[in-house]
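Just so we're on the same page: letters track the sequence lines, and every chain starts at 1. Hydrogens, waters and symmetry mates play no part in the numbers below; they use all other heavy atoms, side chains included.
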There are 2 protein chains.
Amino acid sequence: MSNSEFKILLVDDEDDILEFLSYNLRKEEFTVLIAQNGKQAIEVAKREQPHLIVLDVMMPDMDGIETCREIRALSGMKDVLIAFLSARSEDYTQIAGFEVGADDYITKPIKPRVFISRIKALLRRLQSNTPKSETLEFGNIRIDKEKHIVYKGQDEINLPKKEFRLFVLLSSKPGKVFTREYILEQVWGDEVIVGDRTIDVHIRKLREKIGDDYFKTIKGVGYKFEF
Amino acid sequence: MSNSEFKILLVDDEDDILEFLSYNLRKEEFTVLIAQNGKQAIEVAKREQPHLIVLDVMMPDMDGIETCREIRALSGMKDVLIAFLSARSEDYTQIAGFEVGADDYITKPIKPRVFISRIKALLRRLQSNTPKSETLEFGNIRIDKEKHIVYKGQDEINLPKKEFRLFVLLSSKPGKVFTREYILEQVWGDEVIVGDRTIDVHIRKLREKIGDDYFKTIKGVGYKFEF
DNA sequence: TCTCTAAGTTAACTAATTATTAAATAATTA
DNA sequence: TAATTATTTAATAATTAGTTAACTTAGAGA
């Protein structure tokens, strides 16, 4: 998917910021839409169904938070990516922002390179069909990615980084067999070289902590998560 | 409400800038007041209770930041809109300015059209009574963001700037893990480069002051606030 | 059933990350 | 300017995570 296939809606009341941001996004060949206030933003969003909306928190009439709330209320816009722009000192806005479902917070002053890389990071989320919801549920097992906690019934299970990543990977498609090779690539990364037993050990830990029969070995192939 | 009902106080030590700004504001029919230094500004502000004060950051004797602080300390002036004028946009004074409660930052050189639209945007905020918040509560912990004070039961805990910001960030979404990277970005900003241990030290201070078990370490990932 | 290979199990080992200090800078205030 | 307070760093301790190695077990196919 090339950048130009992504529609990004910029919302700010200040012309110079709009210009600055859209210039930088266009340079990267994104498709840029613009709105100068909340009302306009909602209209454009409804009509154009952008992939990502960049909203200034401070705007006259209808501020970013409110605009966000209304956009999220539109049918089909629940999962649109929304990033807020705010001055760092206005950190009070963060609270409201997170409640409304901000996907990112970008602080002013904005540096082009940082801005672009944040935008790209957000859009990457769309592709790697990382489900928007940060929690996964399987029977009485719940994985809260944001909190980095696994719940089994009432119990909170705390997994260290690699175990957590491994679990998230396997559970991302229950029933599917993940090859050792693929697991290594996803959890450990290409650069890292670890022995074969390492995966076993991690699987073992998961079996201990989560439950033996959630993790099935397919000999000669790999592992899968079942529930 | 027509423009003439808005009183705007301009504070700058340079005559030509004062003249230039007031000319443009008067053309829009705003009521313009003028002061040439901080002391005068405070007097006029007290007497006239303007809606908006435009303050040059760089002035002899008492600079804009200091003047702002004193004006905000006057009774009934806590919520007056204050916009700073300064030469460079990347100036470190921006940060100081926002700390003191700047509502906007206008950088020189000033273009009439931009200036006017910024002023109007600010004043529009007066009408759309966006209340500046607020306090957050978690159990017996209360964060008063306006006063910059944290209460734990009866005790007032005074946190320095960075610690306060860090606390506000973490508490903005209890339970959520904030990565070190994100924390750096939000609390310290993109420009500033500080070592990783700096975060640890600040977390430690918070643990000391607020309570050990409110702050949880997720090794390899980040920190979270829990209550 | 035997054999061969992949996977499981441990505990020791190693590496990585965070915690804790105290001391050095920097910023603010008096 | 001195004094105070805040912030950052640097060194090192502590802790936790991750890996390996040696060995055991299990299972598919001859």
| request: Hey, which sits more toward the 5' end of DNA chain C by its nearest nucleotide, A/Ile203 or B/Ile218? | output: A/Ile203
| note | From NE2 of B/His202 across to P of C/dT18 the rounded distance in Å is 17 Å
| said: Would you say A/Tyr214 and A/Arg207 are linked by a side-chain donor-acceptor pair, where the criterion is simply a distance under 3.5 Å? | reply: no
| Is the closest side-chain heavy-atom distance between B/Ile157 and B/Ile141 below 4.5 Å? | no
| task | Find the distance B/Glu70:CD to C/dT28:C1' and express it as a whole number of Å. | result | 15 Å
| request: Inspect the surroundings of NZ in B/Lys7 and state if more than 12 heavy atoms from other residues, nucleotides or ligands are less than 6.0 Å away. | output: yes
| query | Would one find a side-chain N or O of A/Trp188 under 4.0 angstrom from OP1 or OP2 of D/dG18? | reply | no
| message | Nearest to the B/Lys205 side chain among D/dT9, D/dG18, D/dT7, which nucleotide is it? | response | D/dT7
| said: Can you work out whether B/Gly222 or A/Val221 has the more 5'-proximal nearest nucleotide on DNA chain C? | reply: A/Val221
| task | Please check if the distance between the ring centroids of B/Tyr223 and B/Tyr182 is under 6.0 Å. | result | no
| message | Between P on D/dT20 and NZ on A/Lys162, what's the gap in Å once rounded to a whole number? | response | 10 Å
| To the side chain of B/Arg197, which of C/dT10, C/dT20, D/dT7 is closest? | C/dT20
| field | Per B/Glu163 side chain, nearest of listed nucleotides D/dT7, D/dT9, C/dG8 | value | D/dT7
| message | Tell me the interatomic distance from B/Glu208, atom CD, to C/dA22, atom C1', rounded to whole angstroms. | response | 13 Å
| query | Between A/Glu181 (CD) and C/dA7 (C1'), how many Å, whole number? | reply | 18 Å
| request: Can you tell me the distance, in whole Å, between the CG atom of A/Asp200 and the P atom of D/dT19? | output: 12 Å
| Using the benzene-type ring in the case of Trp, are the ring centres of B/Phe225 and B/Phe167 under 6.0 Å apart? | yes
| So, is B/Thr217 close to the C/dT17 phosphate, meaning a side-chain N or O under 4.0 Å from OP1 or OP2? | no
| task | Would you kindly give the CZ-to-P distance between B/Arg204 and C/dA19, to the nearest whole Å? | result | 10 Å
| request: Answer yes or no: does a side-chain N or O of B/Tyr223 lie under 4.0 Å from OP1 or OP2 of C/dA19? | output: yes
| request: Tell me which nucleotide among D/dT8, C/dG8, D/dT20 gets nearest to the side chain of A/Arg207. | output: C/dG8
| query | Which whole-number value in Å describes the distance from A/Lys161 NZ to C/dA15 P? | reply | 17 Å
| field | Counter-base of C/dT29, judged by Watson-Crick or G-U geometry with both distances under 3.5 Å | value | D/dA2
| query | On a plain distance test, is the side chain of B/Lys219 in donor-acceptor contact with the base of D/dT16 below 3.5 Å? | reply | yes
| Given DNA chain D, 5'-ward residue of the pair A/Leu159 and A/Asp196, judged by closest heavy atom | A/Leu159
| request: Quick one: pull up CG in A/Asp16 and CG in A/Leu21 and give me the separation to the nearest 0.5 Å. | output: 9.5 Å
| task | Give a yes/no on whether any side-chain N or O of A/Thr198 is located under 4.0 angstrom from OP1 or OP2 of D/dG18. | result | no
